[in-house]
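What follows is one structure encoded as structure tokens, with my remarks underneath.
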Amino acid sequence: MKIGAPKEILEGENRVAMTPASAKDLQKLGYDCVIESGAGAKAGFSDQLYAEAGVTVVGSAKELFDTVDIVAKVRIPTADELGLTRKDQLLITFFNPGANEEGLKLAAEKGASVIAMEMVPRISRAQKMDALSSMANIAGYRAVIEAGNNFGRFFTGQITAAGKVPPAKVLIVGAGVAGLAAIGTSTSLGAITYAFDVRPEVAEQVESMGAEFVYLDFKEEQQDGAATGGYASVSSPEFREAQLKKFRELAPEIDIVITTALIPNRPAPKLWLADMVASMKPGSVIVDLAAERGGNVEGTVMDEKVVTDNGVTIIGYTDFPSRMAAQASTLYATNIRHMMSDLTPNKDGVVNHNMEDDVIRSSTVTHNGAITFPPPPLKVAAIAAQKKEKPKELTVEEKKAAEAAAFKAQTKSQVTLLAVGGALMLLAGLYAPASFMQHFIVFVLSVFIGFQVIWNVAHSLHTPLMAVTNAISSIIILGALMQIGSGSFIVIILAALSVFMAGINIFGGFLVTRRMLAMFQKS
């Protein structure tokens with residue numbers, strides 16, 4: 001079968017759904033690859049690079065649609081593009097099925113199967129195909145770069161001969177994929193970074209990246225992100241008021257705000273209101289990554305940059321991934337390739353559209369002439385959601401019987417070990433000299449007592465116990481050193497091994513103790 005990628009016709013779209021590298025991987029799955037001439041030019045991939053990768057270059061989109069069995073695109077197909085599809089052809093692209101009823105009907109009428117990449121479920125197994133996360137990652141990174149391009153000062157603080165430069169203060173609203181990417185970029189550039197999210201459980205992720213999580217003095221049970229497709233749930237009016245109050249406190253001190261709060265097929269919530277914009281310092285920058293759905297900021301204009309009366313720049317661009325076309329195309333093409341891997345389990349170049357597979361079923365919006373959107377709900381964490389059965393409570397008599405049985409079994413094993421040990425010692429005493437038996441008995445008793453002492457030490461005392469084991473190891477080294485001068489070659493070898501192994505124990509013990517103590521020291 002053949003898979004191809006046409007040139008994106010939307011104005012300003014620079015990405016492509018197939019790269020020379022992904023084409024080689026698709027060929028390993030058994031597919032012949034086709035590309036429309038010039039499709040990858042804006043992303044830095046020439047027709048020559050595709051030809052060198054074994055890809056057939058065709059002259060037009062119609063020729064490509066007529067040639068291939070699978071079409072991979074980036075942007076939502078137009079009616080003209082859907083008109084080029086044919087029965088049993090597979091189209092893989094962003095499709096926005098929740099707001100594209102006409103596209104769904106047209107694709108179903110044409111008999112084409114459509115896999116919408118934004119419908120890939122956010123579960124662990126499907127992460128490699130999660131194109132939304134791939135593009136959000138790039139958008140978060142690019143948002144910080146775009147903010148820096150419009151911010152008239154350094155991100156990092158500096159002390160120079162001309163004076164001290166304070167670091168920029170950056171607030172990231174929303175700690176999803178885009179938010180975390182923005183946090184990582186901002187902290188890497190040296191800014192003092194704050195982050196807020198309605199899900200307090202992400203605070204640890206935020207702080208691990210060097211940012212400070214903004215907490216609210218408000219308690220509200222939040223719905224599990226897994227149950228909402230990995231997105232934050234809608235908050236109560238009381239929570240929203242507490243959130244806005246906190247933002248009003250922060251606004252006068254923040255230099256750069258990046259908002260990322262967006263739930264698919266819903267208007268973006270207004271989080272940064274006009275009075276907050278008005279209270280910001282002149283020269284401050286706001287980047288609204290939710291501009292496509294109305295924006296999180298009052299004053300955002302989709303696909304434009306505006307400057308308010310008090311000198312605050314509000315950026316509402318919606319093409320951040322396309323502004324990094326080479327990187328975005330590489331990641332998106334990789335997502336497509338992983339999707340094709342799942343669709344081609346036998347690696348024979350034949351699509352197996354298995355509607356029993358949760359990932360494929362959730363992503364498929366039309367199939368065999370029928371509209372299959374919306375998909376059935378996923379069974380998220382069904383096992384984890386099951387209530388654990390409480391252990392049966394035992395009566396007093398049952399507890400005593402169980403303890404007696406355990407004691408009896410332990411005593412039996414100990415008696416057996418002692419009997420076997422005594423028999424071995426007796427056997428050794430029949431043949432070994434008396435001097436050996438004296439030392440051997442002392443050795444056995446020392447091992448037994450040492451084992452009992454160490455075994456019964458609480459786990460919390462294992463690290464302080466290192467000092468004791470170091471002392472014991474030192475005694476072993478002293479004894480071994482005394483024996484190294486022996487005339488017996490075997491004794492010298494054993495003594496040297498004792499010194500080596502006891503030395504490892506000593507140095508290792510000190511290293512472990514030092515690391516444990518360092519955990520409790522303030523940096």
For residues I336 and M18, determine if any side-chain heavy atom of one lies less than 4.5 Å from a side-chain heavy atom of the other. no
D197 side chain to V202 backbone, donor-acceptor under 3.5 Å: no
L271 to A261 - nearest heavy-atom pair and separation: CD1-CB, 3.5 Å
Hey, does the side chain of D32 reach the backbone of Q27 with a donor-acceptor pair shorter than 3.5 angstrom? no
Short question: side chain of E298, backbone of A274 - any donor-acceptor pair under 3.5 Å? yes
If the condition is ring-ring contact (aromatic ring centres under 6.0 Å, His included), which residues does F154 pass it with, not counting sequence neighbours? none
Tell me whether T366 contacts the main-chain N or O of A112 through its side chain, where contact means a donor paired with an acceptor under 3.5 Å. yes
Evaluation steps, side chain to side chain contact (heavy atoms under 4.5 Å, CB included), between T364 and M119: CA-CA 8 Å; T364 302; M119 292 301 297; over 6 Å; no
For E292, does its backbone N or O pair with a side-chain atom of T318 as donor and acceptor, under 3.5 Å? no
With a 6.0 Å cut-off (strictly less than), is the heavy-atom count around CD of E207, excluding the residue itself, greater than 12? yes
Closest non-hydrogen atoms of C33 and L26, given as atom of the first, atom of the second and distance, are SG-CB, 3.8 Å
Determine, stepwise, if the pair V144 / I258 fulfils side chain to side chain contact (heavy atoms under 4.5 Å, CB included). CA-CA 8 Å; V144 177; I258 298 174; 3.5 Å; yes
Side-chain donor/acceptor pairs under 3.5 Å, residues 167-186, sequence neighbours excluded:
residue, atom, partner, partner atom, Å
T185, OG1, A181, O, 2.8
S186, OG, T193, OG1, 2.8

Spatial distance of atom CE (M339) from atom CG (L343) [nearest 0.5 Å]: 6.5 Å
Taking all heavy atoms of G349 and all of T344, pick out the closest pair and write down the distance. N-CG2, 3.7 Å
State which residues pass ring-ring contact (aromatic ring centres under 6.0 Å, His included) with F196; sequence neighbours excluded, sorted by chain then number. F247
Starting at OG1 of T56, measure out to NZ of K2 and round the result to the nearest 0.5 Å. 6.5 Å
Across all chains, not counting sequence neighbours, the side chain to side chain donor-acceptor pair (under 3.5 Å) partners of D88 are none
Flag for T313-N150: side-chain donor and acceptor within less than 3.5 Å: no
With the side chain counted from C-beta on, respond yes when Q89 and K110 share a heavy-atom pair under 4.5 Å apart, and no when they do not. no
If we ignore hydrogens and angles and just use 3.5 Å, is the side chain of E36 paired with the main-chain N or O of K7 as donor and acceptor? yes
Evaluate side chain to side chain contact (heavy atoms under 4.5 Å, CB included) for F239 paired with L216, printing each intermediate quantity in order. CA-CA 9 Å; F239 184 89; L216 298 183; 3.8 Å; yes
Measure from the side-chain N and O atoms of E304 to the backbone N and O of G316, and report whether any donor-acceptor pair falls under 3.5 Å. no
Is the closest side-chain heavy-atom distance between T334 and S22 below 4.5 Å? no
Please collect all salt bridge (Lys or Arg N to Asp or Glu O under 4.0 Å) contacts where either partner lies in residues 334-353, sequence neighbours excluded, each pair once. D25-R337, R125-D342, K128-D342
Crowding at CD, E52 (>12 non-hydrogen neighbours, <6.0 Å): yes
Side chain to side chain donor-acceptor pair (under 3.5 Å) partners of S113, counting only residues at least two apart: H367
What ring-ring contact (aromatic ring centres under 6.0 Å, His included) pairs are there with at least one residue in residues 68-95, not counting sequence neighbours? F94-Y332
If you compare all heavy atoms of T300 against all heavy atoms of A291, which two are closest, and at what distance to 0.1 Å? CG2-CB, 3.7 Å
State, with a plain yes or no, whether a side-chain heavy atom of P282 is found less than 4.5 Å away from one of N310. no
Listed once per pair and sorted, the ring-ring contact (aromatic ring centres under 6.0 Å, His included) pairs that draw on residues 111-140, sequence neighbours left out: none
Given side chain to side chain contact (heavy atoms under 4.5 Å, CB included), test D69 with V351 step by step and report yes or no. CA-CA 9 Å; D69 305 287; V351 169; over 6 Å; no
Atom CD1 of I286 and atom CD1 of I314: how far apart are they, to the nearest 0.5 Å? 4.5 Å
If you take all heavy atoms of I138 and A328, which pair is closest and at what distance? CD1-CA, 3.2 Å
Could you check whether atom NZ of K281 has more than 12 heavy atoms from other residues, nucleotides or ligands sitting under 6.0 Å from it? yes
More than 12 heavy atoms of other groups within 6.0 Å of Y141 OH: no
Step by step, work out the salt bridge (charged side-chain N to carboxylate O under 4.0 Å, His left out) result for K246 and E249. CA-CA 5 Å; K246 189 66 177 180; E249 293 175 6; 3.8 Å; yes
Is there a donor-acceptor pair closer than 3.5 Å between any side-chain N or O of D47 and the backbone N or O of G38? yes
Plane angle bin for F213 and Y215 - parallel if under 30°, tilted between 30 and 60°, otherwise perpendicular: perpendicular
Partner residues of D66 under the side chain to side chain donor-acceptor pair (under 3.5 Å) criterion, sequence neighbours left out: K62
Between D319 and S322, do the side chains contain a donor N or O and an acceptor N or O under 3.5 Å apart? no
Tell me, which pairs form a ring-ring contact (aromatic ring centres under 6.0 Å, His included) where one or both residues lie in residues 36-92, sequence neighbours left out? none
From OG (S362) to CZ (R122), nearest 0.5 Å: 13.5 Å
Ignoring hydrogens and angles, tell me if any N or O in the side chain of T19 forms a donor-acceptor pair with the backbone of A333 under 3.5 Å. no
Give a yes or no answer on whether the side chain of D288 reaches the backbone of V297 with a donor-acceptor pair at less than 3.5 Å. yes
Report yes if the side chains of L64 and V68 come closer than 4.5 Å at any heavy-atom pair, otherwise no. yes
Within the structure provided, determine whether P321 and S134 are in side-chain contact (heavy-atom separation under 4.5 Å). no
At what distance, to the nearest 0.5 angstrom, does CZ of R15 lie from CG of L331? 11.0 Å
Measure the CG-CZ distance between D255 and F151 for me, rounded to the nearest 0.5 Å. 4.0 Å
Excluding sequence neighbours, so at least two apart, what forms side-chain contact (heavy atoms from CB on, under 4.5 Å) with A251? W272, M276, S279, M280
On a heavy-atom basis, which atom in N296 and which in T260 lie closest, and how many Å separate them? OD1-N, 3.7 Å
Side chains of residues 74-84: which donor-acceptor pairs under 3.5 Å do they make with residues two or more places apart or in other chains?
residue, atom, partner, partner atom, Å
R75, NH1, E13, OE1, 2.9
T78, OG1, E81, N, 3.2
E81, OE1, T78, N, 3.0
E81, OE2, K73, NZ, 3.3

